[in-house]
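These notes concern the structure reproduced below.
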Protein chains: 2
Amino acid sequence: MKQQLKISEAVVRRLPIYLQVLNELSIREVQTVSSQELGQKLDLNPAQIRKDLAYFGEFGRKGIGYDVNYLIEKIRQILNLDTTHYAALIGAGNLGHALCNYNTYLKDNVQITAVFDASPSKIGTKINGLTVQPMDALRSAIQDQHIRIGIITVPASEAQNVANELVASGIDGILNFAPAILKVPEDVRIHHANFTTELLSLAYYIEKERLERDE
Amino acid sequence: MKQQLKISEAVVRRLPIYLQVLNELSIREVQTVSSQELGQKLDLNPAQIRKDLAYFGEFGRKGIGYDVNYLIEKIRQILNLDTTHYAALIGAGNLGHALCNYNTYLKDNVQITAVFDASPSKIGTKINGLTVQPMDALRSAIQDQHIRIGIITVPASEAQNVANELVASGIDGILNFAPAILKVPEDVRIHHANFTTELLSLAYYIEKERLERDE
DNA sequence: TAGATTGTTAATCGATTAACAATC
DNA sequence: TAGATTGTTAATCGATTAACAATC
């Protein structure tokens, strides 16, 4: 792999999307693809795609394009998709359920191996083969099972407390689904998957469109 | 409201986040807040916050800061949070369930008023008071109930078909949860809430961190 | 008045796009 | 060879940050 310049987050976030499209192409047994074609499928500038990939190495062939399967393999390597990361999920509500089932889809890469909830009525129940554990079992589970990712699916009011617990347990990264801004130390990576933000901004643009049409 | 220059998407996406923090402050009965304080809470540059807000008007007072409740009201106006948008949800799996329940949280703003699924075993069941309808009821429901937003929570393989149906029914916007790139006409707004992307990029950074530590 | 903080212009930074030599 | 397409440098565009006059 090429000497890592500084790779922007925007680039890293596009890689999984490239992979999505490439996987589809692979299934359809397409051999090669050009940045032009990828750009069309993804609504991205071909130059950007070439530049993104070039951060990590020379994966294409001039005059030909990219070998689909080779590029898949390379992106999988970059994203470390062959290393399994164990994750704990906190909050066994509907969203938690949904993510546990998604688990099957994610397969080996990120694997939820422990589920926690504060509610006595949930503790002891099973979700996709995992028994819901009480919150005070969190720390030892994280340490014993080498869990590195915490997935927060509790209500917003509880999210910071849960984040604190995760940090104290030595977690490396958090994926937060609660609509709340969480404070964590600098060395803990936190990503937000807040769809209310998406929904509200979507509504904004729809309404704006409508108002402009009606003018 | 100020003459709308061109407001970037980044700005619009930050507004709901500002609102989140402001709501918390309002609950704690904080009267005023400075861009400095907001910046600290949100890990954003205060100048950026001032600039974002200034796109829409002059909401603050020099030397004082922003009145929390007034700013909340203004942002709610900008985002049209007092207009209700009706939404249809397609895909009554766990994720669909989770979103329907979230519905209560979103309250008046975006309201899911119809749920659809292709699977005969799901049709007729109730989710949060709504009866799951077959796919061929989609078009008339959208048109009759003035539904403007479609929320896609079906598997990736079905997502494009559902999107096509929604577009044909005259939808204005789509929030897509399926891990797939969807093609829609230019006048239909599409937002993606793809948490696998978040999860994979999170795993990338965690692994990178670890590798750098171990060097 | 002195201190604080906005709104806004100018400076900086970074990301996207265009252009093109290299080469399959 | 001619056509296509990469990898990369240079140009452009846009977003973030700094700085500061205005003013509460």
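- The stretch residues 26-37 of chain A touches DNA chain D through A:Ser34, A:Ser35, each having a heavy atom under 4.0 angstrom from the strand.
- Between A:Phe56 atom CZ and D:dT8 atom P there is a gap of 14 Å when expressed in whole angstrom units.
- For A:His97 and B:Asn94, the side-chain atoms include no donor-acceptor pair closer than 3.5 Å.
- If you check every strand for non-hydrogen atoms under 4.0 Å, B:Gln48 touches a base.
- Taking side-chain N and O atoms only, A:Tyr66 has no distance below 4.0 Å to OP1 or OP2 of D:dA4.
- Paired regions of DNA chain D, where each region holds three or more successive Watson-Crick or G-U pairs whose two hydrogen-bonding distances fall under 3.5 Å, are C:3-24 with D:3-24.
- Distance, B:Phe59 CZ to C:dT5 C1': 17 Å, rounded to whole Å.
- Rounding to whole angstrom units, CZ of residue A:Arg13 and P of C:dT16 are separated by 13 Å.
- The side chain of A:Ala54 lies closest to D:dG7, out of D:dT16, C:dT16, D:dG7.
- Rounded to a whole Å, the CD atom of B:Glu9 is 12 Å from the P atom of D:dT16.
- Residue A:Tyr55 contributes atom OH, which lies 13 Å from atom C1' of D:dT9 at whole-angstrom precision.
- In this entry the distance linking CD1 of A:Ile49 with C1' of D:dG7 reads 14 Å, nearest Å.
- Ion pair B:Asp67/B:Arg61 not flagged as a salt bridge, since none of the NZ, NE, NH1 or NH2 atoms sits closer than 4.0 Å to an Asp/Glu carboxylate oxygen.
- Atoms CG (A:Leu44) and P (C:dA15) sit 15 Å apart, rounded to a whole Å.
- Interatomic distance, CZ of B:Arg189 versus OH of A:Tyr204, reported as 10.0 Å (0.5 Å rounding).
- B:Lys208 has its side chain out of reach of B:Leu211: every pair of non-hydrogen atoms, C-beta onward, lies at least 4.5 Å apart.
- Here the closest heavy-atom approach between residue B:Ala141 and residue B:Ile147 is recorded as O-CD1, 4.0 Å.
- The pair B:Asp172-A:Arg210 fails the salt-bridge criterion, with no side-chain N (NZ, NE, NH1 or NH2) lying under 4.0 Å from an Asp/Glu carboxylate O.
- Between B:Phe177 and B:Phe195, the ring centre distance reaches or exceeds 6.0 Å.
- In this structure, A:Ser26 OG and A:Ile72 CD1 are separated by 4.0 Å, a value rounded to the nearest 0.5 Å.
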Report each atom pair, protein N/O against N/O of nucleotides 18-24 of chain C, whose distance is under 3.5 angstrom.
residue : atom : partner : partner atom : Å
C:dA18  : OP2  : A:Asn45 : ND2          : 3.2
C:dA19  : N6   : A:Arg50 : NH2          : 3.2
C:dC24  : O4'  : A:Lys62 : O            : 3.1
C:dC24  : O3'  : A:Arg61 : NH1          : 3.0

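- One side chain, A:Asp52 or A:Tyr18, offers a donor N or O that lies under 3.5 Å from an acceptor on the other.
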Audit row: A:Ile152, A:Leu175, side-chain contact (heavy atoms from CB on, under 4.5 Å) steps and yes/no: CA-CA 6 Å; A:Ile152 298 181; A:Leu175 182 59; over 6 Å; no
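- The distance from atom CG of A:Asp67 to atom P of D:dT5 is 15 Å, rounded to the nearest whole Å.
- With respect to A:Glu9 and A:Arg13, a salt bridge is recorded, a charged nitrogen being found less than 4.0 Å from a carboxylate O.
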